[in-house]
Amino acid sequence: MSKRANILVSVDIEGVAGVFHPEQTRAGNGEYERARRWMTEEANAVIRGALAAGATAIKVNDSHGGFRNLLPDLLHPQARMVLGKPRVLGMMGGVDHDIDAVMLVGYHSRAQGRGILAHTTNSFAFARVWLDGQEMGEAGLYGALAAEHGVPVIFGSGDDAFIEENQLLFAHAVFAETKKAYGANSGDSLTPQQSCTLLEARAQQAVATWLAHPQAMPARPLRGPLRCRLQAQTVALADLFSQLPILERCDNVSVEFDAPTAEYAVRVLNSLSAMSAMLR
């Protein structure tokens, strides 16, 4: 009897080949429309690779901005979609529904990282985030959340800075480099076609390796309780965040809170991100 292999593919846009400028990530212009198509095509490449290696079901989580960027009519016909927000598990929405492994596509470096379009959750509000003393970006935070559900991260794609930051966190995952960062808005990228070819091959490798040796790609949840520290972008934002009773002010721009789990920490951070809209 073949092994069940239900895969959650979490897809962001900043790590997609050819994407360098914030305008490409924001709805309402032609550059974004092209970038969201590249995003969809990279998701499809990973789906094809995963299915070729033996994946039994694929769920694709739209993980950028308002979580409604992927083009449903162009998505691989064997995949299902997780779209829209708010949702409790954010970029890992669906991981709690019979998922066996996670693949991260189009991800980016953390806030204050050297990568292209680097940020963590909310570039307006969050300057840096630490969980249990370790500085993390979205991949680290959501990878920790997935691990609490017993689900390992087996694949990641994005620029070289994203890969450098996350190789130790996901030591046995397969990575695919779509571009090299020269700065926050510049770099050397594969073409969309080249990137899709690479992603399909690396995704097939990741799933095949995981299916053959699942013990080599374990989920490693952090042991709670955890301490989460958030450095806000401004004093005003730290003032706002301090209204939440579970947070402690630790300096002019930073707050901290205790979290029993990584999921709890992510949910608080997402709530703070939503709160920040009142100061825009």
Side-chain angles (χ1 to χ4, degrees), residues 5-87 89-95 97-108 116-117 138-139 142 153-159 162 174-179 189-207:
N6 294 347
I7 309 292
L8 179 68
V9 181
S10 176
V11 191
D12 208 344
I13 201 169
E14 287 88 357
V16 168
V19 175
F20 289 92
H21 193 275
E23 190 168 298
Q24 293 176 284
T25 72
R26 297 170 182 160
N29 66 85
E31 292 233 28
Y32 164 76
E33 293 302 327
R34 295 179 73 179
R36 72 191 296 206
R37 185 184 183 102
W38 301 337
M39 177 188 184
T40 306
E41 289 171 348
E42 289 201 357
N44 283 338
V46 170
I47 294 167
R48 289 193 300 271
L51 290 171
T56 52
I58 305 282
K59 188 174 291 185
V60 181
N61 180 320
D62 189 319
S63 297
H64 174 67
F67 296 167
R68 51 189 186 89
N69 310 275
L70 292 167
L71 297 167
D73 55 328
L74 297 183
L75 199 65
H76 195 289
Q78 288 181 251
R80 294 182 64 87
M81 298 178 296
V82 181
L83 300 173
K85 71 188 319 182
R87 64 170 91 119
L89 300 184
M91 298 172 78
M92 279 297 138
V95 76
H97 288 84
D98 297 322
I99 294 297
D100 303 303
V102 166
M103 307 178 82
L104 310 178
V105 180
Y107 270 59
H108 50 79
I116 296 161
L117 298 170
E138 293 165 14
Y142 281 100
V153 173
I154 65 170
F155 172 89
S157 71
D159 70 12
F162 157 74
V174 174
F175 287 92
E177 183 183 298
T178 59
K179 50 195 174 185
S189 177
L190 298 176
T191 66
Q193 296 86 351
Q194 290 169 335
S195 184
C196 286
T197 298
L198 174 66
L199 265 59
E200 183 172 349
R202 293 287 174 84
Q204 183 171 349
Q205 176 190 348
V207 174

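- Taken from CD1 in Ile7 to OG1 in Thr56, the straight-line distance is 7.5 Å, to the nearest 0.5 Å.
- Thr40 places no side-chain N or O within donor-acceptor distance of the main-chain N or O of Leu70, the cut-off being under 3.5 Å.
- For the pair Met39 and Val11, the minimum side-chain heavy-atom distance is below 4.5 Å.
- You'll find the side chain of Thr25 stays beyond 4.5 Å of the side chain of His108, heavy atoms only.
- Of all the heavy atoms in Val60 and Ala79, the pair that sits closest is CG2-CB, 3.9 Å.
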Step by step, would you call Leu104 with Met92 a side-chain contact (heavy atoms from CB on, under 4.5 Å)? CA-CA 10 Å; Leu104 310 178; Met92 279 297 138; 3.7 Å; yes
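- The shortest non-hydrogen separation linking Asp159 to Glu177 is C-CG, 4.4 Å.
- Atom OG1 of Thr191 and atom CD of Gln194 lie 3.5 Å apart (nearest 0.5 Å).
- Here the side chains of Glu14 and Ile116 are not in contact, with every heavy-atom distance at 4.5 Å or above.
- Ser189 contributes no side-chain N or O that, together with a main-chain N or O of Ala17, makes up a donor-acceptor pair within less than 3.5 Å.
- Note on ring orientation: taking the six-membered ring where Trp is involved, the planes of Phe162 and Tyr107 are tilted (angle from 30° to 60°).
- Shortest non-hydrogen contact noted between Tyr32 and Arg68 is OH-O, 4.1 Å.
- Under the 4.5 Å side-chain criterion, counting only non-hydrogen atoms from C-beta, Phe155 is in contact with Val105.
- Gln24 contributes no side-chain N or O that, together with a main-chain N or O of Ile13, makes up a donor-acceptor pair within less than 3.5 Å.
- Heavy atoms only, all atoms of each residue included: Thr178 and Gly15 are closest at OG1-O, 2.7 Å.
- For Arg202 (side chain) and Ser157 (main-chain N/O), no donor-acceptor pair under 3.5 Å exists by modelled atom type.
- Atom-to-atom distance recorded for Tyr142:OH and Leu8:CG is 12.0 Å, nearest 0.5 angstrom.
- Side-chain N or O atoms of Asp100 include one that pairs as donor or acceptor with a backbone N or O of Asn6 at under 3.5 Å.
- A distance-only check finds a donor-acceptor pair linking the side chain of Asn29 to the backbone of Glu23 [under 3.5 Å].
- With hydrogens and angles ignored, the 3.5 Å screen pairs no side-chain donor or acceptor of His76 with any backbone N or O of Arg48.
- Taking both residues in full, the closest heavy atoms of Ile58 and Ala50 are given as CD1-CB, 3.8 Å, listed atom of the first, atom of the second, then distance.
- One finds the CD1 atom of Ile47 at 10.0 Å from the CE atom of Met103 (value rounded to the nearest 0.5 Å).
- Salt-bridge formation is detected for the pair Arg36/Glu33: a Lys NZ or Arg NE/NH1/NH2 atom is positioned less than 4.0 Å from an Asp or Glu carboxylate oxygen.
- Side-chain contact between Val207 and Ile154 is present, with at least one heavy-atom pair separated by less than 4.5 Å.
- At a cut-off of 3.5 Å, with distance as the only test, a side-chain donor of Ser63 or Ser10 sits close to an acceptor on the other residue.
- Across all their heavy atoms, Val82 and Gly93 have their closest contact at CG2-O, 3.8 Å.
- Heavy-atom contacts from other residues, nucleotides or ligands closer than 6.0 Å to CZ of Arg37 number 12 or fewer.
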Between Glu138 and Met91, does a side-chain contact (heavy atoms from CB on, under 4.5 Å) hold up when you go through it step by step? CA-CA 8 Å; Glu138 293 165 14; Met91 298 172 78; 3.3 Å; yes
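- A donor-acceptor pair is defined here as one N or O able to donate and one able to accept, closer than 3.5 Å; such a pair exists between the side chain of Lys85 and the backbone of Gly65.
- Among the candidates Lys179, Glu42, Glu41, the single residue satisfying the side chain to side chain donor-acceptor pair (under 3.5 Å) test with Ser195 is Glu42.
- For the pair Asp62 (side chain) and Leu83 (backbone), a donor-acceptor distance under 3.5 Å is absent.
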